[in-house]
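Notes follow once the structure below has been shown.
Model, not experiment: these values are computed from the prediction.
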Amino acid sequence: MNSKTQSNFLNRLDGFILLILLAFCIFSIVFVYSSQKIGGFGSQNFALKQGINYIIGFVILFLIAKLDLDQLERLAWPLYIISFISIIVLKYSPTSIAPIILGAKRWFSIPVLGSIQPSEYFKIALIILVAKFITKHNSIHTVKTMKTDLMLIGKVMLVTLPPSVIVYIQPDTGMVFLYFVAVVSMLYLSGIQKRMVAIFVIIPLVIIGVLVYLYYYQPDVIYKQLIPMLSPHQQQRIIGWLNPDGNSNEAYQTQRSLLAVGSGGTLGKGILKGNVYVPEKYTDFIFSTVAEETGFFGASFVIILFFMLIYRIIGTGHESETGFGAYICTGIAFSMAVQIFQNIGMVVGLMPVKGISLPFLTYGGSSLFSNMISMGIILSIRKTFGLYMFKNKKVHQEVI
């Protein structure tokens, strides 16, 4: 690539998204450094490692951004197959290379490369493949009927359910939930009939309604029949969430997190001045450090940055000149939004504790790299605006 082409590529990248990612980079390194101070980690420097992760992450982002939509579409099946195989291999790998951590077998532990979580990368591959499915299906079936909608849903479920079952067994229910959030949001955008959409909405609402009723009027059903069906680790988390005051052992992490968030007040204690110990504070509970040290205003600013990023992704999908790009943006935006809500929700006690990271802030390579790949795809979609000679406006209007 000559200098002129390179300059043209850089000029087409979305500076607004890059600026937000740079801000997250700075925040992540600072708050990881602050969190590790009171964690008893000895000489380990997670902040330095996170800085290295971000350097690698930005390199990955620019490499992915160089791809065009046609290349992404051609890579759909290879990426899906490779990531699916990696999930299967993980399940049957010995603990020497796939250790069980906190009751879950989710990561490969590879010297030099560190920990790799295949389920994170599978989410991206699934979104790309489902986007390809929907685009091809809609190009063939221009008239929507119950039959064509069921055909589309069936094809999507065939590539979603098998790997989801394996990831659920790991266990990683949080990641499986994100898979279905991404897939359902993309199916909704595909233009399927409202009756089919109602099914996706009504069934979860009915389940939630039944659980709420049982919790308030027949709690024994919850505690003695439903919760025992879960794994011991999941039981502790659910019990601690439902009754944190009466189950201090199970809810210890949430209690410490609430103490950290509450002690931050309006303006916070100051950067690097947090003193409340929270288990895993530098990873999934990084937001408790943000709230403790910068207070309500600082935490709100971070949330606003997330809102602006999600808004930009949705805007990219809306402006995309192809349905394929619009579907990818939808899957990434909705899964990321739910992931942010779940993580911050568990930090403040609104949601049960799950092993779901806070995008771009949590320490760790797999989470950061997968999110940077997602952002690279978004940048790739944005840089193609105006480059297509023939714009399929009809398809674009249908999906929007």
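Leu158 and Leu152 are members of different hydrophobic clusters when ILVMFWY side chains are connected at heavy-atom separations under 4.5 Å. Leu161 and Val184 fall within a single hydrophobic cluster, where Ile, Leu, Val, Met, Phe, Trp and Tyr are joined by side-chain heavy atoms under 4.5 Å apart, directly or via other members. Cluster membership check: Ile55 does not share its hydrophobic cluster with Leu21, using side-chain heavy-atom separations under 4.5 Å among Ile, Leu, Val, Met, Phe, Trp and Tyr. Residues Ile239 and Val212 share a hydrophobic cluster, clusters being chains of Ile/Leu/Val/Met/Phe/Trp/Tyr side chains in contact below 4.5 Å. The hydrophobic cluster containing Ile207 also contains Trp241, counting ILVMFWY residues as joined when their side-chain heavy atoms lie under 4.5 angstrom apart, directly or transitively.
Counted within 6.0 Å of CZ on Phe58, heavy atoms from surrounding residues, nucleotides or ligands total more than 12; the atom is thus considered enclosed. Open room surrounds OH on Tyr311; 12 or fewer heavy atoms of other groups in view lie less than 6.0 Å from it. Within 6.0 Å of atom NZ in Lys155, more than 12 heavy atoms from other residues, nucleotides or ligands are found, so the atom counts as buried in its surroundings. By the neighbour-count criterion of 12 heavy atoms within 6.0 Å, atom CZ of Phe334 is sparsely surrounded, having that number or fewer from other residues, nucleotides or ligands. More than 12 heavy atoms of other residues, nucleotides or ligands lie within 6.0 Å of CZ in Phe108, so this atom counts as buried by the packing criterion.
Counting all heavy atoms, side chain and backbone alike, Ile373 lies closest to Ile64 at O-CG2, 3.8 Å. The heavy-atom pair separating Met196 from Leu150 by the smallest distance is CE-CD2, 3.5 Å. Here the shortest heavy-atom pairing between Ile310 and Ala337 reads CD1-N, 4.0 Å. Listed here is the closest heavy atom pair of Ser119 and Asp172: OG-OD2, 3.6 Å. In plain terms, the two heavy atoms of Leu189 and Ala326 that are nearest each other are CD2-O, 3.9 Å. Considering all non-hydrogen atoms of both residues, Met346 and Pro352 come closest at CB-O, 3.5 Å.
Between the CZ atom in Arg312 and the OG1 atom in Thr316 there is a gap of 6.5 Å [rounded to 0.5 Å]. Taken to the nearest 0.5 Å, the CD1 atom of Ile56 stands 7.0 Å off from the CD1 atom of Ile60. With rounding to the nearest 0.5 angstrom, the OG1 atom of Thr322 is 7.0 Å from the CD1 atom of Ile381. To the nearest 0.5 angstrom, Ile97 atom CD1 is 8.5 Å from Leu90 atom CG. Atom CG of residue Leu19 and atom CG of residue Leu305 lie 9.0 Å apart, to the nearest 0.5 angstrom.
A donor-acceptor contact shorter than 3.5 Å is absent between the side chain of Asn53 and the backbone of Phe369. Under the 3.5 Å distance criterion, the side-chain polar atoms of Ser380 are matched with a main-chain donor or acceptor of Leu67. A donor-acceptor distance shorter than 3.5 angstrom exists from the side chain of Glu292 to the backbone of Asn275, with no hydrogens or angles considered. In this structure, Gln253 contributes its side chain and Pro279 its backbone to a donor-acceptor pair below 3.5 Å. Gln36 places a side-chain N or O within 3.5 Å of a backbone atom of Ala47 that can act as its donor or acceptor partner. Side-chain atoms of Trp107 do not come within 3.5 Å of backbone N or O of Ile100 as any donor-acceptor pair. With Ser34 contributing its side chain and Phe31 its backbone, the two residues share no donor-acceptor pair below 3.5 Å. The closest donor-acceptor contact from the side chain of Lys105 to the backbone of Ala98 lies at 3.5 Å or more, if one exists at all. Listed for the Ser190 side chain is a donor-acceptor partner under 3.5 Å among the backbone atoms of Leu187. The main-chain N or O of Ile356 is found under 3.5 Å from a side-chain atom of Asn343 such that the two form a donor-acceptor pair.
At least one side-chain heavy atom of Met175 sits less than 4.5 Å from a side-chain heavy atom of Leu178. Between Leu358 and Val290, every side-chain heavy-atom pair lies at or beyond the 4.5 Å cut-off. Annotation: side chain of Phe46 is not in contact with side chain of Thr283 (no heavy-atom distance under 4.5 Å). The shortest side-chain heavy-atom distance between Ile87 and Val167 falls under the 4.5 Å cut-off. Counting only heavy atoms from C-beta outward, the side chains of Ile377 and Ile127 never approach each other to under 4.5 Å. Between Phe24 and Leu309 there is a side-chain heavy-atom pair separated by less than 4.5 Å. Residues Tyr215 and Tyr223 are in side-chain contact: their nearest non-hydrogen atoms beyond the backbone lie under 4.5 Å apart. Counting only heavy atoms from C-beta outward, the side chains of His141 and Met151 approach each other to under 4.5 Å.
In the model, Asn138 has a side-chain atom that pairs as donor or acceptor with a side-chain atom of Lys144 under 3.5 Å. Side-chain contact, Lys281 with Ser288: no donor N or O sits under 3.5 Å from an acceptor N or O. Ser35 and Thr289 form a side-chain donor-acceptor contact under 3.5 Å, judged by distance and modelled atom types alone.
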*Phe133 vs Val159, side chain to side chain contact (heavy atoms under 4.5 Å, CB included): CA-CA, chis, key distance, verdict*: CA-CA 10 Å; Phe133 273 12; Val159 298; 3.7 Å; yes
*Chi angles and distances behind the side-chain hydrogen bond (donor to acceptor under 3.5 Å, both in side chains) call for Ser367, Ser357*: CA-CA 7 Å; Ser367 174; Ser357 62; 2.7 Å; yes
*Under the side chain to side chain contact (heavy atoms under 4.5 Å, CB included) criterion, do Met375 and Met336 qualify, and how do the steps go?*
CA-CA 11 Å; Met375 290 301 99; Met336 186 176 292; 3.8 Å; yes
_Derivation of the side chain to side chain contact (heavy atoms under 4.5 Å, CB included) call for Phe62 and Met372_ = CA-CA 9 Å; Phe62 287 119; Met372 293 299 264; over 6 Å; no
*Under the side chain to side chain contact (heavy atoms under 4.5 Å, CB included) rule, what do Tyr121 and Ser86 come out as? Steps first, then yes or no, please.*
CA-CA 10 Å; Tyr121 301 103; Ser86 67; over 6 Å; no
*asked:* Using the rule given for side-chain hydrogen bond (donor to acceptor under 3.5 Å, both in side chains), can you reason through Glu120 versus Ser366, listing the C-alpha separation, both sets of side-chain angles and the distance that settles it, and then say yes or no?
replied: CA-CA 7 Å; Glu120 281 276 5; Ser366 289; over 6 Å; no
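Between Tyr80 and Phe122, the ring-plane angle classifies as tilted under the 30° and 60° cut-offs. Ring pair Tyr282/Tyr363 is tilted by interplanar angle, where 30° to 60° counts as tilted.
For Tyr54 and Phe360, the distance between ring centers is not under 6.0 angstrom.
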